Protein chains: 4
Amino acid sequence: MFLTVDADDKRPLYQQIADGVKALIASGELREGMALPSVRQLAGDLGVNLNTIAVAYRQLQEEGFLRVRHGAGTVVTSERPTRIEEEALRKPLRSALTQWILGGRDDSEIVAAVRRELALIHQKGESR
Amino acid sequence: MFLTVDADDKRPLYQQIADGVKALIASGELREGMALPSVRQLAGDLGVNLNTIAVAYRQLQEEGFLRVRHGAGTVVTSERPTRIEEEALRKPLRSALTQWILGGRDDSEIVAAVRRELALIHQKGESR
Amino acid sequence: MFLTVDADDKRPLYQQIADGVKALIASGELREGMALPSVRQLAGDLGVNLNTIAVAYRQLQEEGFLRVRHGAGTVVTSERPTRIEEEALRKPLRSALTQWILGGRDDSEIVAAVRRELALIHQKGESR
Amino acid sequence: MFLTVDADDKRPLYQQIADGVKALIASGELREGMALPSVRQLAGDLGVNLNTIAVAYRQLQEEGFLRVRHGAGTVVTSERPTRIEEEALRKPLRSALTQWILGGRDDSEIVAAVRRELALIHQKGESR
DNA sequence: GTGGTCTAGACCACG
DNA sequence: GTGGTCTAGACCACC
């Protein structure tokens, strides 16, 4: 579990943690059925409040990524969320691409960066 | 000027407005030297408070996109911010791509969507 | 915390407060990691609106002097901004020196005053 | 007359102009009895509004630097303002020095910079 | 006319 | 508890 929180990040702590878990799932580092650290454990590791972890886990549960089994810890759910509607995915992508354009990149540079980034995301999950 | 604010959006109003202006600049709809509506005017159009617009404009000024001249109006800066370092651009891109992967898309689908989105962004600025 | 606001001062209140905090940091009275009063507390102490303090704190955060943690408090940043380029520092110095010359002082008087002023700035931080 | 206005400067235009004239007087470039350009002329040269120049000249007149002779133009006054009280001079000096300290300079560096700056100010007036 | 600042008071989000 | 956002409305400074 390589999760970190960054005080300079503008996102709230619980969001950073939830996003971090999602990234681990996306990369394949966390697979279906694998157990997550307990709320107490992770809170201790990251040096944050118990509540903060609980909020992150609850959000992930509501989104269907985790299953909390009473008294038996938290595991990555076997049934992944169904194919998400494209409309919801476009907004953050468009926003990210806009920043690249404003940063002075042309389309071919951006597409190359996207390919590079996708490779990096997948690579992490394979190295295990 | 096609700016809108969305109450369901999690971002604060002033951020939505600032992002909207940036998008207009990225698309070429707003070009160097063009005047923006006055804070009062835009506040009236969008149905938000005058101060909210002022905050958005000030942020854009600090980021180098606008020149706010006290007593005169607000115009798009002629000299755009220099090429932004890649590191700052990667985080939001990576985050957006992660969501696409979790949404069940494979890499080729994602790259196609990126190309589509880039075309859409540029298209807007050309229709004038 | 010896911060005051002066109605006769031409600078806006939030700027006076931000400058005051900077002066306390420069003198060493406020050191890395020290907590600042909450916006509500300081607003009450100075008799200004809560928002005015928030604006001052946000500006100081953007300049790298403070770390504002939502839900927790505000502390002096551990890593100070790196060495600032001389060009930005010269303008206000030149302006101040010009006034001394117009006020009828010769160079040796001015240099003596500068030494005196520097000593005063540092002195404050040591008396603790 | 080497006066310029800078749109990036935070000071209002009339203040930049007034400060510029003061700097020319301090350096000796403008001496007692010398005529200043007319309001119209200077407004045209700088590309600013007539009123803006008028405000700057009026401020300089109130401070005793200029004498406006009805229908006969504006000249640098022969009787310079008396020795200004030190208290008024200290505030901007202290503010400028604080910035140098925060910028990472130690006292000897600052004193050296002050000597350099004083020399530069005087030098300008001699080269004519 | 323009933008800038400030207030009082409300409500929300975070830890 | 903390800070963040927003409003309504006031007054000021600039051009």
Side-chain angles (χ1 to χ4, degrees), chain A residues 5 7 9-17 43 46-56 59, chain B residues 5 7 9-17 35-44 46-61 66-75, chain C residues 5 7 9-17 35-43 46-61 66-75, chain D residues 5 7 10-17 43 46-56 59:
Chain A
V5 290
D9 200 313
K10 294 90 39 158
R11 291 171 299 172
L13 292 180
Y14 78 87
Q15 190 69 59
Q16 291 184 44
I17 294 162
L46 297 179
V48 303
N49 192 285
L50 281 175
N51 270 330
T52 306
I53 306 292
V55 169
Q59 177 181 312
Chain B
V5 290
D9 199 314
K10 291 85 40 118
R11 291 171 300 170
L13 291 179
Y14 74 87
Q15 190 68 59
Q16 292 182 42
I17 294 162
L36 274 78
S38 78
V39 289
R40 282 172 178 78
Q41 161 110 43
L42 188 52
L46 296 180
V48 303
N49 188 275
L50 177 163
N51 284 330
T52 305
I53 307 292
V55 168
Y57 277 14
R58 181 154 6 129
Q59 178 181 316
L60 288 165
Q61 179 184 32
L66 303 183
R67 168 154 316 197
V68 180
R69 289 173 307 187
H70 196 151
T74 303
V75 298
Chain C
V5 290
D9 199 315
K10 291 88 39 129
R11 293 171 299 171
L13 291 179
Y14 74 86
Q15 190 67 59
Q16 291 183 42
I17 294 162
L36 273 79
S38 78
V39 288
R40 282 172 178 76
Q41 162 109 42
L42 189 52
L46 296 180
V48 303
N49 188 274
L50 176 164
N51 284 330
T52 305
I53 307 291
V55 168
Y57 277 14
R58 183 158 0 134
Q59 178 180 315
L60 288 165
Q61 179 185 32
L66 303 184
R67 166 154 318 195
V68 180
R69 290 173 307 187
H70 195 152
T74 303
V75 298
Chain D
V5 291
K10 292 88 41 151
R11 291 171 299 172
L13 292 180
Y14 77 87
Q15 189 69 62
Q16 290 184 43
I17 294 162
L46 297 179
V48 303
N49 192 285
L50 281 176
N51 270 330
T52 306
I53 306 291
V55 169
Q59 178 180 313

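None of the values given here were measured: they were computed from a predicted structure. Numbered from 1 within each chain, the chains take letters A, B, ... in sequence-line order.
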Please figure out whether C:Arg40 or D:Arg11 has its closest DNA chain F nucleotide nearer the 5' end.
-> C:Arg40

Just how far is it from atom CZ of C:Arg67 to atom OG1 of C:Thr74, taken to the nearest 0.5 Å?
-> 11.5 Å

Under 4.0 angstrom, heavy atoms only, what part of the nucleic acid is B:Ala72 near: base, sugar-phosphate, or nothing?
-> sugar-phosphate

For B:Gly73 and for A:Asn49, find the nucleotide of DNA chain E with the closest heavy atom, then tell me which residue's nucleotide is more 5'.
-> B:Gly73

Looking for any heavy atom pair under 4.0 Å, which part of the strands does D:Val55 touch: base, sugar-phosphate only, or nothing?
-> nothing

Which residue lies more 5' along DNA chain E, comparing A:Thr52 with B:Thr74 via nearest heavy atoms | B:Thr74

Starting at CD of C:Gln15, measure out to NZ of D:Lys10 and round the result to the nearest 0.5 Å.
-> 9.0 Å

B:Thr52 side, atom OG1; B:Leu46 side, atom CG - distance, nearest 0.5 Å | 10.0 Å

NA contact type, A:Asn51, heavy-atom cut-off 4.0 Å: base, sugar-phosphate, or nothing?
-> nothing

Please tell me which of C:Gln41 and C:Leu50 maps to the more 5' nucleotide of DNA chain F, matching each residue to the nucleotide holding its nearest heavy atom.
-> C:Gln41

May I ask you to say what A:Val48 touches in the nucleic acid, namely base, sugar-phosphate or nothing, with a heavy-atom cut-off under 4.0 Å?
-> nothing

Positional range of nucleotides in DNA chain F within the contact set of chain B, heavy-atom, under 4.0 Å = F:dT5 to F:dC15

Map every base of DNA chain F to its dot-bracket character, where paired means a Watson-Crick or G-U wobble contact with both distances under 3.5 Å and | marks a partner outside the strand.
-> ||||||||||||||.

Tell me: CG of B:Leu13 to P of E:dC12, nearest whole Å?
-> 14 Å

Partners meeting salt bridge (charged side-chain N to carboxylate O under 4.0 Å, His left out) with B:Arg58 (sequence neighbours left out) = none

How long is the gap from CD1 on D:Ile17 to CZ on D:Arg11, to the nearest 0.5 Å?
-> 10.5 Å

